[in-house]
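Here's the structure, in structure tokens; my notes come after.
Within every chain, numbering begins at 1; the chains are lettered A, B, ... in the order of the sequence lines, protein sequences first and strands thereafter.
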Amino acid sequence: MKKQKQKKEENEKKEKKTVQGILLDLDSIQTQEEKSAIRIFLKTQKGIESLIEKKFRPYCYIIYSGDKEKLKKALLEREFGEHKAKIKEIKEVKKENEEKVLQLFFDSTRDLSTARNEIPTIEGVKEKREYDIIFTKRFLIDHNLEPLNGLEIEYAEEEGKKIIESLKKKEEESIELNSVTLDIETYSTTKFSSPKTDPVLIAALSTPHKTILISTRKELKKEGVEVTGTEKEMIEEIVKEIKEKNYDVLITYNGDSFDLPYLKERAKVLGTRFAIGTDGSEPLLRSHGQYHAAKTKGIQHLDAYQVIRTLVKFGIISLVKYDLESVIEALYGEPKGKLTAREIVEIWDSGKNLDKLAEYNKSDAVATQKIALQYLPLYIEISKLTKETLYEAGRISASGMVEDLLIDKSFRENKLIPNRPKEELTKKRAAQTFKGGYVKSPEPGLHENIVVLDFRSLHPSIMISHNVSPETLDCPCCYKSKKNLSPSGHYFCEKKKGFLPSVQEELLNKRIKIKEEMKKLSKKDSRYSTYYARQYALKILLNSFYGYLGYPRSRWYSFESAQSVTAWSRHYVREIGSKAEKEGFKILYMDTDSNFLIIPEEKTKEDIEKFVKKINSELPGVMEIEIDGFYKRGIFVTKKEGTAAAKKRYALIDYEGNLKIVGFEYVRRDWAPIAKNTQKRVIELVLKEGKPEKAIETVKEAIKQLKEGKTPKKDLVIYTQIKKSFPHYEAIGPHVAAAKKAVKKGKDIGIGSIIGFIVTKTGTSISDKAELEEFVKEGNYDADYYIEHQVIPAVIKIIQELGYSKEDLIHGGKQATLGTFN
DNA sequence: TAATTCGCTAGACCGA
DNA sequence: TCGGTCTAGCGAA
């Protein structure tokens, strides 16, 4: 009887429980037996819970030749590295793309990474494979789970820990994440703050509902401000605030490089810990040269600065500068005040205007939150699609995304993943280049009644329609098949669906479906923004495949495939052009995937629509052209030198009066606003009102202002990025010269910094005269430079198209001055 | 940690 | 001091 009772108690102890939630984060941990296990952070109704999965083991594959049994024995007997790592089990497996494959299991990721270096040297091992797939990623792929989706877990408690028995995905259509935004202001004894010596002055923690400020200054005490006795207590208060509310996301602006490392170090100096991780850990700082990241466990750190950089890279947004003030201004048109480091120190030391500091701190946090929350839905979708945590998704590259999809798909199709190329091979690949898209020289001058047609997702649609993939390339079964024969001379299989295009097709179909769903919803529906983000994420992914094919570090690199895609693109865009000509339209310009046509008097909008319909019925597969828009007027110009027309620079105006300026100085950050804005006005006057005289006047006015020294500083700043370290520059341009001078004055400028400079009066060469904007006094500028090198070059080519010359801009002004003398 | 090619322009650099 | 060449950056697609 007694024994039975005991047994019953034991069983109760091991009683299985279930928990449901959202998979927020996961990491790999070491158990007491020195085995690797997966720890899952699950967002549940009660908060974030961590659970441990012990059954999943690290593994890699080898492809072998020769005697299998002999090899297995040798492998199992072998001890690797100093700590004598062993292969624990070997499974014989068959893959779709490889016959002789062994799967090698290890106790820990450490054992695997030790063993993988020696494994290829063992006789009979032809190749190692999938040895560098991150353990947590491997877990997600093998269990077909994705972060930020629903998960149901069955577990049992063991020594206070929740050990996972089983888990399964529970689709969650859309999720709500609770976020908090953190921003700090610091003291600085020298030009920049150092956590070793300079205290944190104030911190803002913002949620969509409210903002709280934490500081040590009693003067700040009021509603919404926590005042602590010491700085140490202040940091502890920040930690408490973040931990207490169980947030899912921590938002910062440049927290990767500043706020989080600073707080971590400062906490150490003060004898406390900045333990904001869900498991009580401090942020994990990663550093690779210029790249910094601060990872927090459980709670996902989303750095809005990284988000912005990525969005610019993907061409989703265009920005001149990446500092918070400029971004807010550019995205929302809201000017945001800025306090310099010196002003902050002044406020702190004098105790005057402390409210201003508090307000500034708060506004930074609120602005950061606004940016992050706008793009959070997009990143949630990227996270789900790529099976990366939100933290990783916020820092992912285009190649990383494509690779994630292909690796996952390989597993689903039981295929072995190709290895990453070695450095040597990468270099070899980089040395060979292939031809890109076709660009036709336009007809310079003013044109009327223009229609722009373009291919919808040209590269992806070529890949899908012609089955472009490394393994379908030049297949023996369809030698020079007509359907998939590229103008490059290479051809692609007609019988077997290619690996890459099959993934692309899935993405495309998903996107089409979502777009259909969106049509049924009102824009105010909460699902609308989720769907919008989802289709956008899919679009970004789809467009990244072609680049990945030609990317030297790609696992699925295929020079011939990339070459074939562009060969087709050139073929199709020209074909549209010649067909349009046959229909009586005139080709004005072409660039890669678009055709600019002039609609003759006798033709109508309907004729264009009919033409597009006809073309689409003739295009293969999913290829399709669409009407980008009808334009009332457009201007194309000649190049700076010679009489040839300039490509990639034009301006259009539609029938509603909307201006589209492409390629001109106006859209470039490395031109002064005075030149950009003057150019825009000229284009506007010419296209909108057809008034060249007024345009001339505008230019004259700008020149006059410059000459008189009246042009404000902000209209003179030229922005340029420092793209390499100073010693690596062979030619020292104005921006590098200005940056170097600023560094001497104590400014912190590194690779990736965008510097704003002004060409001043003092110096000989332009570089000599260039100074960082902040060191230049109002009125100190080289008027001649801004007239001759900025304003005139920006407008001269446009004005010349209208029959005017440089003399009309300059001498016109002089005549007026003479006139006043008479 | 890094998607591609095409194209324009500025300004330093260098040798005559 | 001039003109050609090369480096550098940014944008279009």
Exercise. Heavy atoms under 4.0 Å is the rule here; annotate nucleotides 8-16 of chain B 5' to 3' with B where the base is hit, S where only the sugar-phosphate is, and - elsewhere.
Key: SSSSSS---
Side-chain polar contacts of residues 726-740 of chain A - donor-acceptor pairs under 3.5 angstrom, sequence neighbours left out - could you list them?
from     : atom 1 : to       : atom 2 : distance (Å)
A:His728 : ND1    : A:Ser725 : OG     : 2.6
A:Tyr729 : OH     : A:Lys723 : N      : 3.0

Quiz item: Under 4.5 Å between any side-chain heavy atoms of A:Arg574 and A:Lys440, yes or no?
Solution: no
Practice problem: Mind calculating the distance between CZ (A:Arg429) and C1' (B:dA2) to the nearest angstrom? | Solution: 15 Å
Quiz item: Between A:Arg553 and B:dA2, is there a side-chain N or O to OP1/OP2 distance below 4.0 Å?
Solution: no
Quiz item: A:Phe757 CZ to C:dG9 C1': how many Å, rounded?
Solution: 11 Å
Practice problem: State whether A:Arg649 and A:Glu665 are salt-bridged, where the test is any N-O pair (Lys NZ or Arg NE/NH1/NH2 against Asp/Glu carboxylate O) under 4.0 Å. | Solution: yes
Practice problem: Would you classify A:Tyr551 as touching base, sugar-phosphate or nothing, given that sugar-phosphate means primed atoms plus P, OP1 and OP2, and contacts are heavy atoms under 4.0 Å? | Solution: base
Practice problem: Could you check whether A:Gly547 gets within reach of a base, just the sugar-phosphate, or nothing at all, counting any heavy atom under 4.0 Å? | Solution: base
Practice problem: Determine: side-chain N/O of A:Lys724 to OP1/OP2 of C:dA8, distance under 4.0 Å, yes or no. | Solution: yes
Quiz item: Can you tell me how far C1' of B:dT1 sits from CG of A:Asp256, to the nearest Å?
Solution: 13 Å
Quiz item: Of the candidate nucleotides B:dT1, B:dC6, B:dT5, which contains the atom at the shortest distance from the side chain of A:Ser397?
Solution: B:dT1
Exercise. Rounded off to whole Å, could you give me the CZ-to-C1' distance for the A:Phe314 and B:dT4 pair?
Key: 13 Å
Quiz item: Can a side chain N or O of A:Ser399 be found less than 4.0 Å away from OP1 or OP2 on B:dA3?
Solution: yes
Practice problem: Might you confirm whether atom NZ of A:Lys435 has over 12 heavy atoms from other residues, nucleotides or ligands at distances under 6.0 Å? | Solution: no
Quiz item: In whole angstroms, how far is the C1' atom of B:dT4 from the OH atom of A:Tyr546?
Solution: 4 Å
Quiz item: Any side-chain N or O of A:His735 less than 4.0 Å from the OP1 or OP2 oxygen of C:dG9?
Solution: yes
Self-check item: Candidates A:Arg309, A:Lys295, A:Arg286, A:Arg395 - the one meeting salt bridge (Lys or Arg N to Asp or Glu O under 4.0 Å) with A:Asp256
Solution: A:Arg395
Quiz prompt | P atoms of C:dA13 and B:dA2, separation to the nearest Å | solution = 27 Å
Quiz prompt | Interatomic spacing from CZ in A:Phe585 to CG in A:Asn595 - rounded to 0.5 Å | solution = 11.5 Å
Quiz item: From the list B:dA2, C:dA13, C:dC10, which nucleotide is the closest neighbour of the side chain of A:Asp593?
Solution: C:dA13
Quiz item: How long is the line joining NZ of A:Lys313 and P of B:dA2, in whole Å?
Solution: 8 Å
Practice problem: State whether the number of non-hydrogen atoms from other residues, nucleotides or ligands found under 6.0 Å of A:Ile134 atom CD1 is greater than 12. | Solution: no
Quiz item: Separation of A:Tyr650 atom OH from C:dG11 atom P, in whole Å?
Solution: 15 Å
Quiz item: What is the nucleic acid contact for A:Phe434, judged by heavy atoms within less than 4.0 Å: base, sugar-phosphate only, or nothing?
Solution: sugar-phosphate
Quiz item: Aromatic rings A:Phe434 and A:Phe559: how do their planes relate, parallel, tilted or perpendicular, breaks at 30° and 60°?
Solution: perpendicular
Exercise. With heavy atoms under 4.0 Å as the rule, sort A:Phe545 into base, sugar-phosphate or nothing.
Key: nothing
Practice problem: Mind calculating the distance between CE (A:Met401) and C1' (B:dT4) to the nearest angstrom? | Solution: 14 Å
Quiz item: Counting any heavy atom closer than 4.0 Å, what does A:Ser544 reach on the DNA or RNA strands: base, sugar-phosphate only, or nothing?
Solution: nothing
